[in-house]
Asks: 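Quick one: the structure is below, and I'll ask about it shortly.
Along the sequence shown, residues are numbered consecutively beginning with 1.
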Amino acid sequence: MTACKIPQTFRGDETYWREKLAAFLHDPPDKALDIRGHESRAKTLRDKLFVSADDDLVLRADQVASGLDRTFLPRKEDQGDIDFCQNPVITHPTGQNRSLKLKSFPKKCTLEEILELIAKDEEKLPDTQPLRSFALFHYFLHVFPYRLAQEKTCGVSWQWPVLPADTRLPDHAIWQHCALTSALYSCYRLSSRRQASLMLFSLTPVQDFIARSRKLRDFWTASLILSWLAAEGMKTVILHYGSDHIIYPSPLGQALIESFLDRECGFYHWKDRYHYETRAATLPNKFIFLCPAGLEEECFYHIKERTNRAWKALANAVKDLVARKCNFSKVPAKCLSALEKIFTRQVGRFWEYHWAAAPLIDEKTLDAYQEIFPLSLSESLKNLLKKARECRLPYLSYAEKFFYPLTHDLVQRGLAAEKLTPSEKRAEEPGIKCHLHPDLEALRFSCVECKRDGHAKCELFEDHQPDENPRPSKDPLWRKIRAGFPQTEFKATERLSAIGLIKRLALKAVSNEHPLYLYFSDSERFPSTTEIAIKDWYEKVKEHFDAFELKDVAEFWHQKDESLSKDKDTRPEICELKGEKFAQIEGIIKKLPQEKHIKSQHFYYAILVMDGDHMGRLLAGGFEARWRDVIHPELVNRIYQGEISEKFWPCFWKDYLEEKRSLSPAVHAAISKALSDFALHTVPEIVSRHRGCLIYAGGDDVCAVFPTSSAIAAALEIARAYNWAFVRRGKSAGQKGQAQTIREIVSGQELSPEDELLLHLGPGEGISISGGLLMVHHKWPLRAALERAHALLELAKDNGRAALALELQRRAGERRTFVAGFKDLVRIGPHAIDPWEAFSELVKAFALRRLSASFAYRPRELAEGLEALWDKPEEIARLIQSQIRSEKIKDKGNLWELARKVAAVLLADRRLDSKEIPLAYEALEIARFLAGAEER
């Protein structure tokens, strides 16, 4: 048993949480395994837990939840029943034509086994009310599916979290349906209008906060802070209403949410249900949830207040850290007054909070306000309802369950309009500007005020006179800050605003009870751009550096580079490296054999940014799954064969079976789970395997840095994984302690009892991801590099999407760019060639000297002849073949195959279609550059 403190904004109403649990348990978790008697089993569960609710309100919530998520399916008397134990199939909610056949279930579950597990786990929950009821409710949503699988209750393991709510439409789990029902119940209970509203909350700015970074660690820290602030907003909803209210993104498995429940509810006994090893930001800056109608503004106020309070507490922790480290107790109060004023102003004005909400639309509302809704969408939904009435189908009560897509559309447009509404403009700030945020004043002591008041001497430094515009080395505040922290923290010329200072020092300021402590506890090992860049070279020579780690060697090269720079800054950037160590490393490097010498290519690293295409459209219903894809295959077959009641076929389903599946909370939950699984498990595994460092993976948004040798392969693999449907997460057999492996599966037979089934978005025309990949010198300004990487992402999206825009940014300034689709094929004669595979082969050919270095520029010299053959790919390949043949190289391999690959790359650039470029000459130059690091 555990005793927990009651957290802020907690709804301290025991009855509320007990009724909520009763609504959640209107269906038992094993419903799919034994439909017969499921209602009595659910009642037994509720009775054993001594929870009850308003039966009429539960019935309404259940029917609305079912209607929102499902459609008009034949009942048992209409020949619509499915024996899931004998024919267990789950379908994919968004991907086209994807289902997963599971192993049959040999025995029925007994309620006693389930009750035994609950009783054992209940002992570990808080003792005191109302927190015990709050914890028990969230146990069923956040812990119980994991525990059932872990204990292999009733002989079932990984299947527990995915058992369907409705065996006829097995594309969403029983847990999603029960959560939606309990959320609707609570909304009806609390709303004076007995209605639920869909509400959207957003926190901005995003890129202005994240991208304005000098160090890679600043960028990572800012991403985590933004993700944490979003989590703080979500916690308000959880504490006030319950996590079942949050529709997107799913709070399940999110470390910032789960660790909060561990702490408050005693769930730390089951920490293995989630993981935070990747230490990357995984929550976006906005979330969608259900709110009691009429309480939207109050809800927004609570979210804003908690988020603001958390932000200010972090800011004050940073300020207190600086005060301690820099011995501000000996600084005159007059000197500190301006610092306090600027810090408070910038912290208080930085974030903007936005919200929009609308009650779940019903038919009456739609008819009254028809002009505000998209005509095509509203007409299609009204026609579906009209057809159902003509066919005299069941489930026609509670009209709000039919128009969820309209509600979602209205809320999204409302938020967009709210963001466009002029708000209080932040006043332009005076004085010396922040190194990271040039629109903000750099923090300072009260020198400006002292100068204006006519003070001749500084009370703090005897050698200093009050100066409104001191040089960085003479600035009183920044002299003290640089003296109080390790030399690696601040450059000699750096002066920051409150926002910049928080990003730089938050990881040192948080206490071990702060949610971000788990992420920041090992932050000193977070790599620099130099470490990422030289990683390939270091791996080859590290046996020579027994006494030195990668950080030490990276700092050597950083200092070596600074010594050649015109703008010298002698302060270390990565780690302290004294003269003796510097000399030792230099001595080792000088003794390396010729073939192990570092090359110019080794000082470049890659920034990858990726973003899901048409995400707004996807969240609005732009996925590929049709009703025939998501209904159980056995029932689909019966429908096509006319083996169901005539009112369902041909009357209704003849018109709708080939139509797209309707947008619903279950689909939003599925999209959220797919993006969460992708971000929390798949992307980190791919990034780690390709020796990269993940900065953030917020659903469809990915940012990571890599050595240049592995970046392209990682981007291609992430893009492929984005379209996986069902995914196995487990360990490779026979290798104890090995890292988790992730792969796509097509059958449930491929999963072992210890595995976990993940969901991704699945295949489809409208489901894709694009990327921008910048290869840049490690000393290139990070902010400029990030801006260019995002510009490349937009270039990929502007050229057809589902593409990667690759660019080499040389230190001297010149750029070489190549844009090709992830699934593009270039046809040369009978051969369909993948341009990215061809590009990789060219890198190998240059490295093995099957192509000379000068060949990278040969096609450009032959531009006139090649461009004349633009629409004759085979002729281009033959011309290339003749050029390769003329090269004075002994081992040229298969000339025709190599020529085809060169031609494929030249013809693959998406910008050719718009005549923006003639042929992809620059791609060959990039390939040649990359090969330089591996050249033999």
Asks: Can a donor-acceptor pair be found, under 3.5 Å and without considering hydrogens, that links the side chain of Lys330 to the backbone of Cys326?
Replies: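 Judged by distance alone, no pair lies under 3.5 Å.
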Asks: For Ser446 and Ala338, work out which heavy atoms get closest and say how close.
Replies: OG-N, 3.1 Å
Asks: Taking the six-membered ring for Trp, are Trp351 and Phe209 ring centroids under 6.0 Å apart?
Replies: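 Yes, ring centres under 6.0 Å apart.
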Asks: Would you say Ser497 and Glu441 are linked by a side-chain donor-acceptor pair, where the criterion is simply a distance under 3.5 Å?
Replies: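 There is no such pair between these side chains.
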Asks: Assess the pair Tyr301 and Tyr353: is the distance between their ring centroids shorter than 6.0 Å?
Replies: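 So the answer is no for these two rings.
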Asks: Between Trp355 and Ile303, is there a side-chain heavy-atom distance shorter than 4.5 Å?
Replies: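 No, too far: nothing below the 4.5 Å cut-off.
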Asks: How many angstroms lie between CG in Leu618 and CG in Asp613, if you round to the nearest 0.5 Å?
Replies: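 Answer rounded to 0.5 Å: 10.5 Å.
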Asks: Please give me the minimum heavy-atom distance between Tyr248 and Leu675, naming the atom from each residue.
Replies: OH-CD1, 3.4 Å
Asks: Apply salt bridge (charged side-chain N to carboxylate O under 4.0 Å, His left out) to the pair Lys325 and Glu489, showing each step before the final yes or no.
Replies: CA-CA 13 Å; Lys325 291 279 189 180; Glu489 289 299 338; over 6 Å; no
Asks: State which residues pass salt bridge (Lys or Arg N to Asp or Glu O under 4.0 Å) with Asp798; sequence neighbours excluded, sorted by chain then number.
Replies: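 In terms of salt bridge (Lys or Arg N to Asp or Glu O under 4.0 Å), with neighbours along the sequence ignored, Asp798 is linked to no residue.
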Asks: Any sub-3.5 Å donor-acceptor pair from His437's side-chain atoms to Asp439's backbone N or O?
Replies: no
Asks: With rounding to the nearest 0.5 angstrom, report the CZ to CD1 distance, Arg504 to Ile481.
Replies: 11.0 Å
Asks: Which residue pairs pass the side-chain hydrogen bond (donor to acceptor under 3.5 Å, both in side chains) test with at least one member in residues 221-236, sequence neighbours excluded?
Replies: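 Matches after skipping sequence neighbours: Trp228-Glu232, Glu232-Lys235, Glu232-Arg306.
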Asks: Salt bridge check, Arg212 against Asp218: does any charged N sit closer than 4.0 Å to a carboxylate O?
Replies: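 Answer for the salt bridge query: no.
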Asks: Can you give me the closest heavy-atom contact between Ala785 and Val776, atom names plus distance?
Replies: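 In terms of heavy atoms, the two residues are closest at CB-CG1, 4.3 Å.
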Asks: Are the side chains of Arg214 and Arg783 in contact, using a 4.5 Å heavy-atom criterion?
Replies: no
Asks: Apply side-chain contact (heavy atoms from CB on, under 4.5 Å) to Leu619 and Ile671, showing your working.
Replies: CA-CA 8 Å; Leu619 289 169; Ile671 292 173; 3.9 Å; yes
Asks: Flag the pair Asp409 and Arg413 as a salt bridge only when some basic side-chain nitrogen lies within less than 4.0 angstrom of an acidic carboxylate oxygen.
Replies: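 Judged by the 4.0 Å cut-off on N to carboxylate O distance, Asp409 and Arg413 do form a salt bridge.
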Asks: Taking everything shown except Lys797 itself, do over 12 heavy atoms lie less than 6.0 Å from its NZ?
Replies: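 Result for NZ/Lys797: enclosed.
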Asks: Which heavy atom of Ile342 sits nearest a heavy atom of Ala442, and at what distance?
Replies: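 Heavy-atom minimum between the residues: CD1-O, 4.3 Å.
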Asks: Could you check whether atom NZ of Lys304 has more than 12 heavy atoms from other residues, nucleotides or ligands sitting under 6.0 Å from it?
Replies: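 Open: at most 12 neighbouring heavy atoms sit under 6.0 Å from NZ of Lys304.
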Asks: Could you pull out all residues at least two apart from Lys319 that satisfy salt bridge (Lys or Arg N to Asp or Glu O under 4.0 Å)?
Replies: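 Testing Lys319 for salt bridge (Lys or Arg N to Asp or Glu O under 4.0 Å), a comparison that skips the adjacent residues, returns Glu340.
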Asks: Please determine, by modelled atom types, if Glu787 and Gln207 share a side-chain donor-acceptor pair under 3.5 angstrom.
Replies: no
Asks: Taking atom NZ of Lys508 as the centre, report whether more than 12 heavy atoms of other residues, nucleotides or ligands fall under 6.0 Å from it.
Replies: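 Counting other residues, nucleotides and ligands, NZ of Lys508 exceeds 12 neighbours.
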Asks: If you measure from CD1 on Ile288 to CG on Leu198, what distance do you get to the nearest 0.5 Å?
Replies: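 Output value for this atom pair is 6.0 Å.
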Asks: Verify the distance criterion only: is there a donor paired with an acceptor across the side chains of His354 and Thr204 at less than 3.5 Å?
Replies: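 There is such a pair (donor and acceptor under 3.5 Å, judged by atom type) between the side chains of His354 and Thr204.
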Asks: Do Phe289 and Phe287 have ring centres separated by under 6.0 Å?
Replies: yes
Asks: Under the 3.5 angstrom rule, does the side chain of Lys433 hit a backbone N or O of Gly431 as a donor-acceptor pair?
Replies: yes
Asks: Closer than 3.5 angstrom, by distance alone: can the side chain of Ser337 be matched with the main-chain N or O of Lys334 as a donor-acceptor pair?
Replies: yes
Asks: May I ask you to say whether Glu807 pairs ionically with Arg816, meaning some side-chain N is under 4.0 Å from a carboxylate O?
Replies: no
Asks: Measure from the side-chain N and O atoms of Trp478 to the backbone N and O of Leu443, and report whether any donor-acceptor pair falls under 3.5 Å.
Replies: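 Side chain of Trp478 to backbone of Leu443: a pair is present.
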Asks: When you compare the side chains of Ser250 and Ser676, does any donor N or O come within less than 3.5 Å of an acceptor on the partner?
Replies: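 On atom types as modelled, these side chains do not qualify, holding no pair under 3.5 Å.
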Asks: What pair of heavy atoms forms the shortest contact from Leu224 to Leu516, and how long is it?
Replies: O-CD2, 4.0 Å
Asks: List the atom of Ala715, the atom of Met610, and the distance in Å for their closest heavy-atom pair.
Replies: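 In this case the closest contact between Ala715 and Met610 is O-CE, 3.7 Å.
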Asks: I need the Met615 CE to Asp701 CG distance, nearest 0.5 Å.
Replies: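 So the gap between those two atoms works out to 8.5 Å.
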Asks: Considering the options Arg495, Lys480, Arg444, which one meets the side chain to side chain donor-acceptor pair (under 3.5 Å) requirement together with Asp475?
Replies: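 Result for side chain to side chain donor-acceptor pair (under 3.5 Å) with Asp475: Arg495.
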Asks: Determine whether a donor-acceptor pair (N or O, by modelled atom type, separation under 3.5 Å) exists between the side chain of Arg482 and the backbone of Leu477.
Replies: no
Asks: Between Arg801 and His614, is there a side-chain donor-acceptor contact under 3.5 Å, judged purely by atom types and distance?
Replies: yes
Asks: Would you say that more than 12 heavy atoms from the other residues, nucleotides or ligands in this model lie under 6.0 Å from the CD of Glu371, or not?
Replies: yes
Asks: Centroid-to-centroid, Phe603 to His778, below 6.0 Å?
Replies: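 Yes, ring centres under 6.0 Å apart.
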Asks: With rounding to the nearest 0.5 Å, note down the distance linking CZ in Phe201 to CD in Glu296.
Replies: 15.0 Å
Asks: Taking the six-membered ring for Trp and the full ring for Phe, Tyr or His, determine whether the centres of His408 and His668 are under 6.0 Å apart.
Replies: yes
Asks: Is it the case that the side chain of Gln346 and the backbone of Phe343 share a donor-acceptor pair, with hydrogens and angles ignored and the cut-off at 3.5 Å?
Replies: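 No, the answer is negative, given that no donor and acceptor are paired below the 3.5 Å cut-off.
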Asks: Got more than 12 heavy atoms from elsewhere within 6.0 Å of CD, Glu814?
Replies: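 Yes, the 6.0 Å shell around CD holds more than 12 heavy atoms from other groups.
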